[in-house]
Amino acid sequence: MSNNNSPEDFPNFLNNPVETVAERLLGCFFERNLGGRRMLARIVETEAYDEGDAASHSHRGRTARTEVMFGEAGYLYVYFTYGMHYCCNVVTGEAGHGSAVLIRAVEPVEGIDSMEERRGLHGRNLTNGPAKLCQALDIDLRLGGHDLREEPLRLLTGELLPGESSTCTTRIGISKATELLRRHYIAGNPWVSRH
DNA sequence: GTCCCGATCCCCT
DNA sequence: GGGGATCGGGACC
């Protein structure tokens with residue numbers, strides 16, 4: 001992996017249409033510092049959401065919950081769902097436009113023991129779902145609105161590896177705008193939630 | 001104020 | 001493959 005994880009590695013493409021960003025986030029990293037323990041995870045599956053999209057939390061306009069989605073790119077939008085799960089999104093686009101990319105699956109790279117401890121299991125189910133990865137990386141509402149250039153959770157740029165390619169399909173777990181091809185994942189990657 | 005349902009996961013079969 | 005867990009947001013009264 002050609003990645004030396006310096007702070008300058010923050011992605012410079014977040015201020016683009018959300019489906020473009022969703023694709024380009026594939027291969028980027030979350031670097032989580034938890035009490036001095038470092039975890040690194042590679043993004044392998046994403047979904048794009050924005051205002052014009054009936055499935056998006058920003059579709060009905062600004063609310064206290066979704067305010068972060070309408071802010072500047074590069075911040076974290078976290079929501080709580082089904083009474084017990086958290087999911088996280090990278091805010092994209094210009095301020096005033098409510099768009100974000102849901103991170104649906106990551107591939108553990110470093111600090112795997114720490115993730116396993118938090119999840120209470122090991123193997124494929126560690127991070128192959130949006131709420132699973134939040135539990136593994138200890139992401140909850142306390143990180144809502146967090147600047148992803150800063151500790152303790154940073155977004156670092158990354159690329160697809162030679163031989164890898166991305167695929168685009170319809171999104172998962174939604175009932176509106178089900179026809180849109182706004183789910184992106186790295187083809188064949190074992191950490192993707194569903195192939 | 002009340003009601004409904006969700007960008008889900010896990011355990012059981 | 002199905003259902004239960006569990007709670008906050010948003011719609012409507």
Side-chain angles (χ1 to χ4, degrees), chain A residues 14 17-26 28 30 41 43-71 73 75-93 97-108 112 114-146 148 153 155 166-186 189-195:
Chain A
L14 298 181
V18 68
E19 51 263 64
T20 303
V21 180
E23 181 173 10
R24 294 195 61 183
L25 281 174
L26 297 176
C28 294
F30 272 150
I43 297 170
V44 298
E45 180 179 351
T46 62
E47 284 180 357
Y49 289 90
D50 76 354
E51 285 178 56
D53 166 6
S56 174
H57 290 174
S58 60
H59 185 62
R60 295 175 203 278
R62 293 180 186 237
T63 66
R65 178 178 61 146
T66 59
E67 186 61 28
V68 186
M69 283 186 78
F70 291 86
Y75 290 78
L76 193 71
Y77 169 51
V78 182
Y79 66 88
F80 179 77
T81 191
Y82 293 100
M84 61 186 82
H85 297 301
Y86 299 97
C87 296
C88 71
N89 301 249
V90 174
V91 174
T92 69
H97 182 71
S99 58
V101 173
L102 172 68
I103 308 302
R104 277 197 59 87
V106 298
E107 173 180 345
I112 297 175
S114 184
M115 300 181 206
E116 290 175 340
E117 192 176 304
R118 199 161 301 96
R119 292 276 295 134
L121 52 78
H122 54 83
R124 203 141 290 148
N125 288 327
L126 195 58
T127 55
N128 65 346
K132 297 178 188 182
L133 70 92
C134 283
Q135 187 183 12
L137 298 177
D138 197 37
I139 294 171
D140 62 25
L141 293 176
R142 293 170 300 177
L143 283 173
H146 173 72
L148 290 168
L153 177 65
L155 178 65
S166 65
T167 301
C168 186
T169 68
T170 56
R171 295 172 293 184
I172 293 175
I174 56 170
S175 54
K176 299 164 196 154
T178 54
E179 75 286 358
L180 299 180
L181 298 175
R182 289 191 137 195
R183 170 177 175 244
H184 299 263
Y185 61 91
I186 300 178
N189 185 288
W191 298 93
V192 168
S193 65
R194 286 192 216 169
H195 288 96

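On a predicted model such as this, the values are computed, not experimentally measured, just so you know. No hydrogens, no waters, no symmetry mates; every other heavy atom, side chains included, goes into these values.
More than 12 heavy atoms of other residues, nucleotides or ligands sit less than 6.0 Å from atom CZ of A:R62.
The phosphate of B:dA7 has OP1 or OP2 within less than 4.0 Å of a side-chain N or O from A:H57. When the side-chain nitrogen and oxygen atoms of A:T81 are compared with OP1 and OP2 of B:dT8, none of them lie within a distance under 4.0 Å. Between A:R60 and the phosphate of C:dG10, there is no side-chain N or O to OP1/OP2 separation shorter than 4.0 Å. Close to B:dC9, at under 4.0 Å from its OP1 or OP2, lies no side-chain N or O of A:R119.
The nearest heavy atom of DNA chain B to A:F80 and to A:L133 marks one nucleotide each, and the one closer to the 5' end goes with A:F80. Closest-nucleotide positions on DNA chain C for A:M84 and A:L141 were compared, and the one nearer the 5' end corresponds to A:M84. Both A:P130 and A:S175 lie close to DNA chain B; mapped to their nearest nucleotides by heavy-atom distance, the more 5′-ward contact belongs to A:S175.
Rounded to whole Å, the distance from NZ on A:K132 to P on B:dC11 is 10 Å. Between the CD1 atom of A:I139 and the C1' atom of B:dT8 there is a distance of 16 Å, given to the nearest Å. Between A:Y79 atom OH and B:dG6 atom P the separation is 13 Å, expressed in whole Å. Rounded to an integer number of Å, the gap from NE2 of A:H85 to P of C:dG8 is 14 Å. Distance A:K176 NZ to B:dA7 C1': 11 Å, rounded to the nearest Å. Whole-Å rounding puts the A:Y86 OH to C:dG9 C1' distance at 14 Å. Rounded to a whole Å, the NE2 atom of A:H59 is 20 Å from the P atom of C:dG9. Rounded to whole Å, atom P of C:dG10 lies 11 Å from atom CD of A:E67.
Sorted by first then second residue, the salt bridge (Lys or Arg N to Asp or Glu O under 4.0 Å) pairs that include residues 125-140 of chain A, not counting sequence neighbours, are A:R32-A:D138, A:D138-A:R142, A:D140-A:R142.
Residues A:L155 and A:F30 have side chains in contact (heavy-atom distance under 4.5 Å, counting atoms from C-beta outward). Residues A:Y86 and A:I139 have side chains not in contact (no heavy-atom distance under 4.5 Å, counting atoms from C-beta outward). In this structure, A:L137 and A:M115 have side chains that are in contact, with non-hydrogen atoms separated by less than 4.5 Å. Side chains of A:V101 and A:V18 form a contact here, defined as non-hydrogen atoms less than 4.5 Å apart. Side-chain contact between A:L25 and A:L14 is present, with at least one heavy-atom pair separated by less than 4.5 Å.
A:R171 comes within 4.0 angstrom of nothing in the nucleic acid, heavy atoms only. At a threshold of 4.0 angstrom between heavy atoms, the contacts of A:A131 are confined to the sugar-phosphate backbone, with no base atom among them. Residue A:N125 is out of contact with every strand shown, counting any heavy-atom pair closer than 4.0 Å. Here A:I174 lies in heavy-atom contact (under 4.0 Å) with sugar-phosphate atoms only.
The same atom, P, is picked in B:dA7 and in C:dG1; the two are 23 Å apart, to the nearest Å.
With hydrogens and angles ignored, no donor-acceptor pair under 3.5 angstrom links the side chain of A:Y82 to the base of C:dA5.
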Checklist outcome for this item: Pairs under 3.5 Å (Watson-Crick or G-U), crossing ones as [ ], inter-strand ones as |: DNA chain C comes out as |||||.||||||.

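Atom CD in A:E19 sits 13.0 Å away from atom CD in A:E47 (nearest 0.5 Å).
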